[in-house]
Amino acid sequence: QVQLVESGGGLVQAGGSLRLSCAASGLIFSEYALGWLRQAPGKEREFVSAVTWSGDSRMYTDSVQGRFTISRDNAKSTVYLQMNSLKPEDTAVYYCVADKKFSTRVDGLDYWGQGIQVTVSA
C-alpha cells in the first residue's frame with residue numbers, strides 16, 4: 001500500500017517560512033517524479049512545484065518562483081518544499097503527489113497524500 005504523508009504545515013505570519021515534508025512508503029521512490037499541489041477554499045487545484053526522480057530538474061509555478069524550493073532525498077524517500085517569504089495568498093491545503101511523469105498536471109496523478117493546511121496571516 002502506497003502512502004504519502006505530509007508534515008510541517010501550520011500557521012505563520014506573512015514573510016515567514018515553513019518547510020513541508022512528505023514521507024513516502026510502499027513505492028520505489030526513485031522511480032517517481034514528486035511534486036506539490038495546493039488548493040485554496042473556493043479555488044481550483046493548482047500546481048506548485050515538481051522535481052524529477054533524480055532531482056536534477058525542477059519546475060515552479062510563477063507565483064512561487066524564487067520563494068519556494070523543492071528538494072528530495074531518495075535515501076529517506078522524502079520530498080521537501082521550503083517556503084520562504086510566505087504571503088496570505090499562499091494559504092491553502094498542500095498535497096504531495098507522486099507520478100511516473102514529470103509534469104505540471106493536477107489530475108490523473110499516480111499517488112496523493114492526504115493534504116496539509118498552510119495558513120499565512122497578514
Side-chain angles (χ1 to χ4, degrees):
Q1 180 182 0
V2 174
Q3 285 191 310
L4 301 177
V5 180
E6 300 101 336
S7 61
L11 174 64
V12 65
Q13 288 188 330
S17 298
L18 284 174
R19 188 175 83 152
L20 302 183
S21 300
C22 172
S25 60
L27 76 168
I28 302 175
F29 188 76
S30 60
E31 291 186 352
Y32 287 82
L34 274 295
W36 294 90
L37 309 182
R38 67 186 180 186
Q39 188 164 21
K43 294 188 176 181
E44 294 185 351
R45 191 179 303 154
E46 176 187 27
F47 168 83
V48 177
S49 182
V51 61
T52 54
W53 67 271
S54 64
D56 61 353
S57 293
R58 300 171 176 84
M59 294 190 290
Y60 300 94
T61 191
D62 287 348
S63 63
V64 309
Q65 183 75 46
R67 300 188 297 122
F68 290 11
T69 302
I70 191 170
S71 62
R72 65 187 293 163
D73 185 336
N74 285 351
K76 296 182 178 179
S77 296
T78 301
V79 62
Y80 306 96
L81 186 68
Q82 178 66 45
M83 304 186 293
N84 298 329
S85 302
L86 282 160
K87 304 176 180 180
E89 51 264 43
D90 295 317
T91 295
V93 176
Y94 284 69
Y95 297 91
C96 173
V97 295
D99 197 70
K100 286 293 185 76
K101 296 182 180 179
F102 178 56
S103 74
T104 61
R105 290 187 301 151
V106 297
D107 52 24
L109 299 163
D110 291 335
Y111 301 108
W112 290 74
Q114 81 284 357
I116 192 164
Q117 180 69 45
V118 170
T119 303
V120 185
S121 63

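Given the structure is predicted, the values throughout are model-derived calculations rather than measurements.
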Exercise. So Glu6 and Leu20, side chain to side chain contact (heavy atoms under 4.5 Å, CB included) or not? Walk me through it.
Worked result: CA-CA 7 Å; Glu6 300 101 336; Leu20 302 183; over 6 Å; no
For this session: Go through the structure and list residues passing salt bridge (charged side-chain N to carboxylate O under 4.0 Å, His left out) with Arg105, not counting sequence neighbours.
Result: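 For Arg105, the residues satisfying salt bridge (charged side-chain N to carboxylate O under 4.0 Å, His left out) (neighbours in sequence not counted) are Asp99.
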For this session: Could I get the full list of salt bridge (charged side-chain N to carboxylate O under 4.0 Å, His left out) partners for Arg38, not counting sequence neighbours?
Result: Glu46, Asp90
Taking the side chain as every heavy atom from C-beta outward, state whether [X] and [Y] have any atom pair closer than 4.5 Å.
| X | Y | result |
| --- | --- | --- |
| Arg72 | Asn74 | yes |
| Lys100 | Tyr32 | yes |
| Tyr80 | Thr69 | no |

For this session: Let me see the working for Val2 and Asp110 under side chain to side chain contact (heavy atoms under 4.5 Å, CB included), right down to the final yes or no.
Result: CA-CA 10 Å; Val2 174; Asp110 291 335; over 6 Å; no
For this session: For Thr104 and Phe47, indicate whether the former's side chain and the latter's backbone hold a donor-acceptor pair under 3.5 Å.
Result: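 Judged by distance alone, no pair lies under 3.5 Å.
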Problem set entry | Donor-acceptor contact present, side-chain Ser49 to main-chain Met59, <3.5 Å |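 Checked: pair present.
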Exercise. Are there more than 12 heavy atoms of other residues, nucleotides or ligands under 6.0 Å from atom CD of Glu44?
Worked result: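 Not buried by this count: 12 neighbours or fewer within 6.0 Å.
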For this session: Report, as yes or no, whether the 6.0 Å neighbourhood of atom CH2 on Trp53 holds more than 12 heavy atoms from other residues, nucleotides or ligands.
Result: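 No, CH2 of Trp53 has 12 or fewer neighbouring heavy atoms, counting only those of other groups under 6.0 Å.
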Under a 4.5 Å side-chain heavy-atom rule over Ile, Leu, Val, Met, Phe, Trp and Tyr, are [X] and [Y] clustered together?
| X | Y | result |
| --- | --- | --- |
| Val97 | Val106 | yes |
| Leu81 | Leu109 | no |
| Leu37 | Phe102 | yes |
| Ile70 | Val93 | no |
| Val12 | Ile116 | yes |

Exercise: identify the closest heavy-atom pair between [X] and [Y]:
| X | Y | value |
| --- | --- | --- |
| Val5 | Gln114 | CA-OE1, 3.9 Å |
| Ala98 | Leu34 | CB-CD1, 3.8 Å |
| Thr91 | Gln117 | CG2-NE2, 3.9 Å |
| Ser17 | Ser85 | OG-N, 4.3 Å |
| Thr78 | Ser21 | CG2-CB, 4.4 Å |
| Val51 | Arg58 | CG2-CG, 3.9 Å |

For this session: Would you please classify the geometry between the Tyr94 ring and the Phe68 ring as parallel, tilted or perpendicular, with 30° and 60° separating the classes?
Result: tilted
For this session: Could you check Leu4 against Tyr95 for side chain to side chain contact (heavy atoms under 4.5 Å, CB included), going step by step and ending with a plain yes or no?
Result: CA-CA 9 Å; Leu4 301 177; Tyr95 297 91; over 6 Å; no
For this session: Give the C-alpha distance, both sets of side-chain angles, the deciding distance and a yes or no for side chain to side chain contact (heavy atoms under 4.5 Å, CB included) between Cys96 and Trp36.
Result: CA-CA 5 Å; Cys96 173; Trp36 294 90; 3.9 Å; yes
